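What you are looking at is a predicted structure, and each value in this text was computed from that prediction instead of being measured.
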Amino acid sequence: FESDVVVGNAILNMYAKCGSLEDSRGVFEKMAERNVVSWNAMLAACAQHGKGKEAIQFLQQMQLEGLIPDKLAFISILSACS
């Protein structure tokens with residue numbers, strides 16, 4: 001999964017839905033390539049687990065890496081912080 005962004009995103013999402021934010025983060029950090037979908041999946045994982053501060057940190061890191069957050073990113077941030 002480290003070299004295939006689609007597979008990495010699917011595994012990240014699976015771990016989040018199974019209740020393991022730590023494993024989701026591990027997959028995210030090992031991904032050689034990340035796209036907006038990868039970042040949105042990580043933001044959604046934080047939201048699912050009520051980790052607002054972590055979600056904001058991921059959003060800031062996303063922007064530092066030059067990616068522009070989309071509508072889904074902001075929905076996840078709002079959900080994580082509510």
Side-chain angles (χ1 to χ4, degrees):
F1 70 86
E2 293 172 16
S3 63
D4 189 338
V5 71
V6 174
V7 174
N9 291 341
I11 294 172
L12 186 161
N13 194 27
M14 177 201 66
Y15 279 131
K17 288 183 177 181
C18 289
S20 182
L21 184 60
E22 296 80 22
D23 288 331
S24 291
R25 174 177 261 178
V27 170
F28 181 81
E29 290 175 356
K30 289 180 184 176
M31 292 174 71
E33 178 186 348
R34 299 180 195 135
N35 58 20
V36 174
V37 175
S38 309
W39 287 95
N40 284 344
M42 198 63 230
L43 292 171
C46 290
Q48 289 170 359
H49 295 275
K51 302 291 185 181
K53 288 182 183 179
E54 287 183 42
I56 291 171
Q57 290 172 345
F58 276 110
L59 181 70
Q60 290 171 338
Q61 187 179 352
M62 176 184 184
Q63 291 174 315
L64 287 174
E65 292 190 16
L67 292 165
I68 299 171
D70 61 6
K71 295 174 191 175
L72 294 175
F74 288 112
I75 290 169
S76 292
I77 290 294
L78 290 172
S79 177
C81 294
S82 64

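Partners of Ala80 by side chain to side chain contact (heavy atoms under 4.5 Å, CB included), not counting sequence neighbours, listed by chain and number: Ala47, Ala55. Residues satisfying the salt bridge (Lys or Arg N to Asp or Glu O under 4.0 Å) criterion with Glu22, sequence neighbours excluded, are absent altogether. With sequence neighbours excluded, no residue forms a side-chain hydrogen bond (donor to acceptor under 3.5 Å, both in side chains) with Ser79.
Within the structure, salt bridge (charged side-chain N to carboxylate O under 4.0 Å, His left out) pairs that include any residue of residues 58-70 comprise Arg34-Glu65 (at least two apart or interchain). Legend: side chain to side chain donor-acceptor pair (under 3.5 Å) pairs involving residues 44-55, not counting sequence neighbours: none detected. Screening residues 59-82 for ring-ring contact (aromatic ring centres under 6.0 Å, His included), with sequence neighbours left out, gives no hits.
Taking both residues in full, the closest heavy atoms of Ser38 and Leu12 are given as O-CD1, 4.2 Å, listed atom of the first, atom of the second, then distance. Of all the heavy atoms in Leu59 and Leu43, the pair that sits closest is N-CD2, 3.9 Å. In plain terms, the two heavy atoms of Phe28 and Phe58 that are nearest each other are CE2-CE2, 3.7 Å. When all heavy atoms of Val5 and Glu33 are compared, the pair lying nearest together is CG2-O, 3.4 Å.
Between the CD1 atom of Ile56 and the CD atom of Gln61 there is a distance of 14.0 Å, given to the nearest 0.5 Å.
No continuous path of hydrophobic side-chain contacts links Ile75 to Met62 [ILVMFWY only; heavy atoms under 4.5 Å]. Residues Val37 and Val7 do not share a hydrophobic cluster, defined by chaining ILVMFWY side chains whose heavy atoms lie under 4.5 Å apart. A continuous path of Ile, Leu, Val, Met, Phe, Trp and Tyr side chains, each step under 4.5 Å between heavy atoms, connects Val36 with Val27, placing both in one hydrophobic cluster.
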Could you go through residues 13-21 and list every donor-acceptor pair under 3.5 Å that involves a side-chain atom there, pairing it with any protein atom two or more places apart or in another chain?
from  : atom 1 : to    : atom 2 : distance (Å)
Ser20 : OG     : Asp23 : N      : 3.2
Ser20 : OG     : Asp23 : OD2    : 2.8

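Using a 4.5 Å heavy-atom threshold, the side chains of Asn40 and Asn9 count as separate.
Taking a 6.0 Å sphere around CD1 of Ile68, one finds it holds 12 or fewer heavy atoms contributed by other residues, nucleotides or ligands.
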